[in-house]
Engineer: 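Following this message is one structure expressed as structure tokens.
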Amino acid sequence: HYIARLVFLVVMMPSVATAVWFSVISDIVGGFGIAIIVFLNHYPIPKVPGEEWPDMPFAVCQLENTVNVRRGIVTDWICGGLNYQIEHHLFPTLPRHNLSSITPQVKAFCKKHNLSYRDPQMYSAIYNLLKYAKSMALAAA
């Protein structure tokens, strides 16, 4: 797909250099955006040690190792549905555009079984990620 995209860009852009630079910059920006969303959903929460996973029910393991970023028109658009990591981990084959539709059932399941369903607002998720990054940097220093 990269070759097809590059050929398309070479044909559509004013020069080969412009096509290559466009491709490189868009990959960097897109990759950085996806990395930030993944970091928001996985890193700033306490981790369940791997040796405990075999003894945990599947749903509990997924709920304890991920967090959503609360839904909203802007958040959903920016994250492209990747802010529904809890639902994604519970139903990995469900298409991204359908993840938000099962959120009420997942929340009800969590409430019924007294399980945590973490979904902070975007600004809180960013704050938590930065706080976690600072703690890791201080631990490494």
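Source: prediction; values computed, not measured.
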Engineer: Would a single hydrophobic cluster contain both Leu115 and Val106, if residues Ile, Leu, Val, Met, Phe, Trp and Tyr are joined by side-chain heavy-atom contacts under 4.5 Å?
Structural biologist: yes
Engineer: Do other residues, nucleotides or ligands put more than 12 heavy atoms under 6.0 Å from Tyr117 OH?
Structural biologist: yes
Engineer: With the side chain counted from C-beta on, respond yes when Tyr84 and Asp119 share a heavy-atom pair under 4.5 Å apart, and no when they do not.
Structural biologist: no
Engineer: Is a donor on one side and an acceptor on the other found under 3.5 Å between the side chain of Trp53 and the backbone of Val48?
Structural biologist: yes
Engineer: Do other residues, nucleotides or ligands put more than 12 heavy atoms under 6.0 Å from the CD1 atom of Ile73?
Structural biologist: no
Engineer: Between CG of Leu40 and CD1 of Ile45, what distance do you get to the nearest 0.5 Å?
Structural biologist: 11.5 Å
Engineer: Looking only at heavy atoms, what is the nearest atom pair of Gly50 and Pro54, with distance?
Structural biologist: O-CD, 3.5 Å
Engineer: Count the heavy atoms of every other residue, nucleotide or ligand shown that sit under 6.0 Å from CZ of Phe32, and state whether that count exceeds 12.
Structural biologist: no
Engineer: Give, for atom CG of Asn83 and atom CG of Asp76, the distance between the pair rounded to the nearest 0.5 Å.
Structural biologist: 5.0 Å
Engineer: Output the distance between atom CD (Glu87) and atom NZ (Lys107), rounded to the nearest 0.5 Å.
Structural biologist: 8.5 Å
Engineer: Is the Lys NZ or Arg CZ of Lys47 less than 6.0 Å from the centre of Tyr132's six-membered ring, within 45° of the axis?
Structural biologist: yes
Engineer: Within the side chain of Arg70, is there an N or O that forms a donor-acceptor pair under 3.5 Å with the backbone of Thr75?
Structural biologist: no
Engineer: Let me check something: do Met122 and Ile36 share a hydrophobic cluster, defined by ILVMFWY side-chain heavy atoms less than 4.5 Å apart, either directly or through other members?
Structural biologist: yes
Engineer: For a quick test of reading the model, state the closest non-hydrogen atom pair linking Ala125 to Val69 and the distance between them.
Structural biologist: CB-CG2, 4.1 Å
Engineer: Do the side chains of Met136 and Ile126 join up, straight or via other hydrophobic residues, at under 4.5 Å, putting them in one cluster?
Structural biologist: yes
Engineer: Any link between Val11 and Val20 through a network of hydrophobic side chains (Ile, Leu, Val, Met, Phe, Trp, Tyr) touching at under 4.5 Å?
Structural biologist: no
Engineer: Please tabulate, for side-chain N and O atoms in residues 93-100, each donor-acceptor pair with protein atoms closer than 3.5 Å (sequence neighbours left out).
Structural biologist:
residue	atom	partner	partner atom	Å
Arg96	NE	Gly80	O	3.3

Engineer: How long is the span from the OG atom in Ser124 to the CG atom in Leu129, to the nearest 0.5 Å?
Structural biologist: 12.5 Å
Engineer: So how far is it from Leu63 CG to Met56 CE, rounded to the nearest 0.5 Å?
Structural biologist: 9.0 Å
Engineer: Which pair of heavy atoms, one from Pro46 and one from Arg118, lies closest together, and at what distance?
Structural biologist: CD-NH1, 4.4 Å
Engineer: Are the side chain of Asn68 and the backbone N or O of Ile86 linked by a donor-acceptor pair below 3.5 Å?
Structural biologist: yes
Engineer: Quick one: closest heavy-atom pair of Asn128 and Pro44, and the distance?
Structural biologist: O-CB, 3.5 Å
Engineer: According to a 4.5 Å side-chain heavy-atom criterion applied to Ile, Leu, Val, Met, Phe, Trp and Tyr, with indirect links allowed, do Val24 and Leu9 form part of one hydrophobic cluster?
Structural biologist: no
Engineer: Can you say whether the rings of Tyr43 and Phe39 are parallel (under 30°), tilted (30 to 60°) or perpendicular (over 60°)?
Structural biologist: perpendicular
Engineer: Going by side chain to side chain donor-acceptor pair (under 3.5 Å), name the pairs with one or both residues in residues 19-42, residues two or more places apart or in two chains.
Structural biologist: Arg5-Ser23, Arg5-Asp27, His42-Gln85, His42-His89
